[in-house]
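So the structure is just underneath, and the comments pick up after that.
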Amino acid sequence: MMSKDAKIFIAGYEGMIGTALVRCLKTTGFNNLITISSSLLDLTNQSEVHKFFLQEVPEYVFLAPIKEGGILTNTNYPAELIYINLQIQSNLIHFSWEAKVKKLLFLGSSCIYPKFCPQPMKEKALLTGPMEPTNEAYAIAKIAGIKMCQAYNKQYNTNFISVIPTNIYGPYDNFDLKTSHVIPGLIRKFHQAKTRKDRQVIIWGTGNPRREFLFVDDFTNACIFLMNNNYNQSEMINVGYGKDVSIKELALKIKEITGFNGELIFDNTKPDGMPNKLLDISKINKLGWSAKTDLKKGLKKTYTWFKEIERLK
Ligand code: GDP
């Protein structure tokens with residue numbers, strides 16, 4: 001168990017998952033959290049990160065996503081994604097070892113699995129086939145992070161675990177139409193269309209790809225569960241909701257929640273990405289963890305948060 005006054009560093013606390021991790025750790029009673037803005041500490045900079053670890057000496061490290069995005073971000077910015085992620089994770093994993101961090105949690109992504117991976121995707125399917133080209137650069141960086149944690153565990157006897165999240169959504173997500181993932185993107189599109197009384201909303205791709213979505217508070221709850229000594233293995237572990245929906249079904253749910261009355265248009269010139277992405281979560285289920293928030297409830301909470309942010313603008 002992490003003690004309540006353990007010094008915990010949350011890298012990437014400014015993103016959706018990092019914000020939720022801090023929230024969840026605080027409400028669980030952890031009172032010695034370290035967060036530092038990216039404007040004060042550039043995590044891609046080796047000497048800055050080295051200095052930071054020498055000064056702070058954290059006991060636990062959560063490596064939340066810092067540079068990532070939806071299907072268009074992956075298509076348009078592969079160089080930035082691979083460079084920044086490789087730099088940040090190399091610095092954090094290496095200096096965590098040097099600072100004798102007790103346990104580190106590295107976050108992968110479900111896009112690391114092969115494009116035509118049998119569903120649901122088991123942890124051992126990693127590197128059994130070619131990846132989906134739209135997210136290959138990001139996926140390769142994430143795979144390198146997982147392998148790096150395993151190498152450090154093997155050579156230095158560290159306790160660095162890798163968690164593979166399914167598609168996560170919730171408050172503080174990125175709602176920018178060009179760089180977001182599908183849920184925040186569609187929430188904004190449907191909300192705008194309703195407000196402007198548009199007749200149509202454009203959905204990218206065919207609507208056929210299937211995705212699994214997990215509400216962010218459930219996910220961070222799983223991360224803390226795993227860090228609290230429920231999991232100490234080098235092999236990565238999947239965290240998901242357990243069920244998937246098609247993008248069309250998702251769009252219809254968001255249409256209902258936002259109260260939009262018009263029609264859906266599918267834009268086939270935009271990529272579908274992976275045909276299916278459902279994680280096999282039997283491993284974490286066996287440890288005694290499962291998700292609590294169903295998609296409808298999670299979408300409603302996310303939409304309520306989004307409307308409030310728009311109102312305050
Ligand atoms: P992925 O899970 O890595 O493919 O990333 P996304 O969450 O960005 O996209 C999931 C699926 O939703 C893809 O098939 C997209 O083409 C589709 N999609 C439909 N409309 C949108 C949209 O407005 N934004 C995004 N990001 N994806 C969309």
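Each ligand, and each atom within it, is numbered from 1 in the order the structure gives.
In this pair, His191 and Phe306 present their aromatic rings perpendicular. The plane angle is above 60°, beyond the 30 to 60° band. By the 30° and 60° cut-offs, the orientation of the rings of Phe53 relative to Phe9 is perpendicular.
In this structure, Met274 does not count as a contact residue of ligand 1, since none of its heavy atoms falls inside 4.0 Å of the ligand. Residue contact check for ligand 1: Ser180 places a non-hydrogen atom closer than 4.0 Å to it. Distances shorter than 4.0 angstrom do not occur between any heavy atom of Glu132 and any atom of ligand 1.
Counting the atoms of ligand 1 from 1 in the order shown, those under 4.0 Å from a heavy atom of Leu186 are 20 (N), 23 (O). Listed by atom number, the atoms of ligand 1 under 4.0 Å from Pro271 heavy atoms are 15 (C), 16 (O). The Gly70 neighbourhood of ligand 1 comprises atoms 8 (O), with distances under 4.0 Å to a heavy atom of that residue.
Salt bridge absent: Lys277 and Glu212 never bring a charged side-chain N and a carboxylate O closer than 4.0 Å.
Closest to atom 6 (P) of ligand 1 among all protein heavy atoms lies Val182 N, 3.8 Å. Closest protein heavy atom to atom 3 (O) of ligand 1: Lys277 NZ, 3.3 Å. Residue, atom and distance of the protein heavy atom nearest to atom 20 (N) of ligand 1 are Trp204 N, 3.0 Å. At the top of the distance list for atom 13 (C) of ligand 1, counting protein heavy atoms only, stands Asp272 O, 3.4 Å. From the protein, the heavy atom lying nearest to atom 11 (C) of ligand 1 is Ile247 CD1, 3.6 Å. Regarding atom 8 (O) of ligand 1, its nearest protein heavy-atom neighbour is Ile71 N, 2.8 Å. Lys189 NZ, 2.7 Å is the protein heavy atom nearest to atom 23 (O) of ligand 1.
Scanning Glu212, Arg211, Lys178, Lys248 for the heavy atom closest to atom 2 (O) of ligand 1 points to Arg211.
The backbone N or O of Leu279 sits nowhere less than 3.5 Å from a side-chain atom of Lys122 that would complete a donor-acceptor pair. With hydrogens and angles disregarded, no donor-acceptor distance shorter than 3.5 Å links the side chain of Asp272 to the backbone of Gly205. A distance-only check finds a donor-acceptor pair linking the side chain of Thr73 to the backbone of Thr179 [under 3.5 Å]. When atom types are taken as modelled, the side chain of Glu132 and the backbone of Thr134 share a donor-acceptor pair closer than 3.5 angstrom. At least one donor-acceptor pair under 3.5 Å links the side chain of Asn153 to the backbone N or O of Phe160.
When non-hydrogen atoms are compared, ligand 1 lies under 4.0 Å from neither the backbone nor the side chain of Leu177. Looking at Lys270 against ligand 1, nothing comes within 4.0 Å, counting heavy atoms.
Contacts of Lys296 classified as salt bridge (charged side-chain N to carboxylate O under 4.0 Å, His left out), with partners at least two apart in sequence or in another chain: Glu256.
Using a 4.5 Å heavy-atom threshold, the side chains of Tyr13 and Leu21 count as separate.
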